Amino acid sequence: MENQVRVRFAPSPTGGLHLGGVRTVLFNYLFAKKHKGTFVLRVEDTDQTRFVEGAEDYIFDCLDWAGLPADESPRKPGDFAPYRQSERKPMYRQYAEQLIAQGNAYYAFDTPEELEKMRESLKTTENPSPQYDHRTRSQMRNSLNLSTEEVKALLDAGVPYVVRIKMPENETVHFTDLIRGDISHETNVVDDKVLLKSDGMPTYHLAVVVDDYLMKITHAFRGEEWLPSAPIHIMLWKYLGWEAEMPKWAHLPLILKPDGNGKLSKRDGERLGFPVFAMEWKDPKSGELIDGFKEKGFLPEAFVNLLVMLGWNPGTEQEIFTLEELSELFSLERVHKGGAKFDYEKAKWYNQQHIQRADNDRLAGLVKPYFEAKGISITDDQKLTEAVAMVKERCHLLTDFTEQASFLFQAPDHLDLDAVKPKWTTEKTAFFTEWSETLQDTANAADLEAAFTECAAKHGIKKGELMMPLRIMLVGGKFGPGVFDIITFIGAAETKKRVASALLLLA
RNA sequence: GCCGCGUUGGUCAAGGGGUUAAGACGCCUCCCUUUCACGGAGGAAUCACGGGUUCGAUUCCCGUACGUGGUACCA
């Protein structure tokens, strides 16, 4: 196949992996699968001041959990290694120098203090953030204004410098975005972005262009927040002479906070009580622990499903998908332009839907640790699978299972007796005493119910008045599967025990 | 401030010159269930505003408003 599709996700490993990040991964992954292409993971670790221990491993863990592994990555190098930009450092300088030689970039020796001074002195209410651009560059200390000798002297003296792109004047940069159509920017309002930092590392702007070119990326997907810097990248592709190989761009809509305004942030999750990261993230410096979807009890397939629906839809009424289906159906044409507010209630609904479809054995395995964490040891995995089958339809999150099923393994520690006490009678005590004596193990809930009904009639009590008390005795509250199903599950002996101890409390 | 991008119910959204403007989440009512949930049947609720173009605009164009992103030697 000519023109093999190659896409990439290029995170910078600085902390938790955000919902929006995973959605970008997902769109990349789906697009690659759909076109039988290659999904590349490239680590953008050019900012050494932001290095965070463990953050790269964490990204791999998240992708593995979500079921969206990369075809090529630092851990699984393909033909374009290395896949970490810090390890590619020597590759970038030549391109920066090429640009300088061509007159499309220049050395700038301004110190951070000088830059700050420039911004301060030029700042007005009209223009609160002055840029390093065609208007100001002539006043700065750079190779545009210095003589060749001066520049050489500074370079030889080892004075720190950066390389900046020289944005042209009075041009309009056009490109076609796969989602938004024709986009244009005036070069006059784009600043001379730093390409190579004083530590010799490229900035994102240079690195993304060089690496996308070198790695033969055909389609570049990224968040909408990158749209304003697109003209810099386009110019770089042109200046470097690679325009014919430039990837097709697609800028994805943002995921917004549910209330108010703005991009969804981890703080919103904490404030509103839902996760924002794929998996929980512990900041190695502050020790701060931030929730993840995984730990909250989401199934990875549900997470992927709810994410894809944030900004994309199939154009049909289908809402629940497997990853395989999505790999077939996904298309960029059906991606929305506008940002989507995140709705946690709907997210939980997706999870509930996927729980219903999930295999019971698998669910049992996933949920077992939650029971053990609550001090309920599961000795018989088959029993747990049965319990899961019994209660799954009332679970939205995996963490709901303990609440919904622990009484199947352990007598409830509190009985909501207030619901039955007011109408309690000695006749009822007599009924339960006699009925429980006749109880025997059986797999047939219908037989149990028939015997119960018969016994109630014998005592002249309406069955309806006895059902809720029985449920409370066994479950502790007004919830759960059918009572006779519960009895067949826990057995006659356990039922007798629970009835007897409840009777004591009711006496 | 400037620049970019966007705007269909509370939320996700389909649709795209003539429609009763789908569907889902959430909410409400009812049914099922001697519980809760699931499931089922209903209900309330939407084209930001103003101008064009047109026989006719939610749909096309232009403004305005609002939102959002960017405006770093961060990505």
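Residue numbers begin at 1 in each chain, while the letters A, B, ... track the order of the sequences. Computed from a prediction, not measured in an experiment: that's the story for all the values here.
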| task | Side chain of A/Arg50 only, please: which of B/A22, B/C74, B/C3 is the nearest? | result | B/C74
| Heavy-atom donor-acceptor pair, A/Thr203 side-chain to B/C73 base, under 3.5 Å | no
| request: Just jot down the salt bridge (charged side-chain N to carboxylate O under 4.0 Å, His left out) partners of A/Asp192, sequence neighbours excluded, or say none. | output: A/Arg137
| task | Report yes or no: is there a donor-acceptor pair, N or O only, under 3.5 Å between the side chain of A/Lys193 and the base of B/A72? | result | no
| query | In dot-bracket notation, what is the pairing pattern of RNA chain B, taking Watson-Crick (N1-N3 plus N6-O4 or O6-N4) and G-U wobble (N1-O2 and O6-N3) contacts under 3.5 Å, with [ ] crossing and | for other strands? | reply | (((((((..(((.....[....))).(((((.......)))))....(((((..]....))))))))))))....
| query | Quick one: do the A/Asp211 and A/Gln85 side chains pair a donor with an acceptor below 3.5 Å? | reply | yes
| request: Scan for side chain to side chain donor-acceptor pair (under 3.5 Å) pairs involving residues 12-28 of chain A, sequence neighbours excluded, and state none if there are none. | output: none
| query | Are OP1 or OP2 of B/A75 and a side-chain N or O of A/Thr46 less than 4.0 angstrom apart? | reply | yes
| Touch check for A/Thr125, heavy atoms < 4.0 angstrom, all strands: base, sugar-phosphate only, or nothing? | sugar-phosphate
| query | Below 4.0 angstrom from OP1 or OP2 of B/A72, is there any side-chain N or O of A/Lys197? | reply | no
| task | Report the relative orientation of the aromatic rings in A/Trp226 and A/His233; use parallel for angles under 30°, tilted for 30 to 60°, perpendicular for over 60°. | result | tilted
| field | Nearest-angstrom distance, P atom, B/A45 to B/A22 | value | 13 Å
| query | Counting any heavy atom closer than 4.0 Å, what does A/Ser184 reach on the DNA or RNA strands: base, sugar-phosphate only, or nothing? | reply | sugar-phosphate
| Does anything in residues 394-411 of chain A pair up under side chain to side chain donor-acceptor pair (under 3.5 Å), and if so which pairs, sequence neighbours excluded? | none
| Within the pair A/Lys346 and B/G10, is there a side-chain N or O less than 4.0 Å away from OP1 or OP2? | no
| said: Nearest to the side chain of A/Ala340, heavy atoms from C-beta on, is which of B/A75, B/U71, B/A13? | reply: B/A13
| Any side-chain N or O of A/Arg23 under 4.0 Å from OP1/OP2 of B/C12? | no
| said: I'd like to check the side chain to side chain donor-acceptor pair (under 3.5 Å) partners of A/Lys421; sequence neighbours left out, ordered by chain and number. | reply: none
| Distance between the C1' atoms of B/U59 and B/G52, in whole angstroms? | 15 Å
| Taking the six-membered ring for Trp, are the ring centroids of A/Tyr370 and A/Phe401 within less than 6.0 Å of each other? | no
| query | Between the side chains of A/Asp110 and A/Asn142, does any donor sit under 3.5 Å from an acceptor? | reply | no
| request: In plain terms, say whether A/Arg42 and A/Glu44 are close enough for a salt bridge, that is, a side-chain N and a carboxylate O under 4.0 Å apart. | output: yes
| query | Across the strands shown, which category fits A/Asp133 at heavy-atom distances under 4.0 angstrom: base, sugar-phosphate, nothing? | reply | nothing
| request: Taking atom C1' in both B/A44 and B/G70, compute the distance separating them and give it to the nearest angstrom. | output: 41 Å
| field | Contact residues, residues 302-316 of chain A to RNA chain B [heavy atom, < 4.0 Å] | value | A/Met309, A/Leu310, A/Gly311, A/Asn313
What donor-acceptor contacts under 3.5 angstrom involve side-chain atoms of residues 201-209 of chain A, with partners at least two apart or in another chain?
residue: A/Thr203; atom: OG1; partner: A/Val194; partner atom: O; Å: 2.7
residue: A/Thr203; atom: OG1; partner: A/Leu195; partner atom: O; Å: 3.4
residue: A/Thr203; atom: OG1; partner: A/His205; partner atom: N; Å: 3.4
residue: A/Tyr204; atom: OH; partner: A/Arg222; partner atom: NH2; Å: 3.2

Where do N or O atoms of nucleotides 7-9 of chain B meet protein N or O atoms at under 3.5 Å, pair by pair?
none

| Which value, in whole Å, describes the distance between the C1' atoms of nucleotides B/U54 and B/G42? | 40 Å
| request: Go through the side-chain N and O atoms of A/Thr488 and A/Asp485 and say whether any donor and acceptor fall under 3.5 Å apart. | output: no
| Start at the 5' end of RNA chain B and walk down; is the nucleotide closest to A/Leu196 or to A/Glu126 reached first? | A/Glu126
| field | Whole-Å P distance, B/C30 and B/C36 | value | 13 Å
| query | What one-letter contact string describes nucleotides 30-44 of chain B from 5' to 3', where B marks a base within less than 4.0 Å of any protein heavy atom, S marks contact via sugar-phosphate atoms alone, and - marks no contact? | reply | ----BBBBSS-----
| For A/Tyr132, what residues pass the ring pair (Phe, Tyr, Trp, His ring centres under 6.0 Å) criterion, not counting sequence neighbours? | none
| query | How about A/Thr176 and A/Asp182: does a side-chain donor come under 3.5 Å of a side-chain acceptor? | reply | no
| Inter-nucleotide P distance (B/A57, B/A14), Å rounded | 24 Å
| query | Residues two or more places apart in sequence or in another chain: which of them pass ring pair (Phe, Tyr, Trp, His ring centres under 6.0 Å) with A/Phe409? | reply | A/Phe371, A/Phe489
| said: Among residues at least two apart in sequence or on other chains, which ones pass side chain to side chain donor-acceptor pair (under 3.5 Å) with A/Gln356? | reply: A/Gln352
| field | Same-atom distance (P) from B/G18 to B/C25, integer angstrom | value | 29 Å
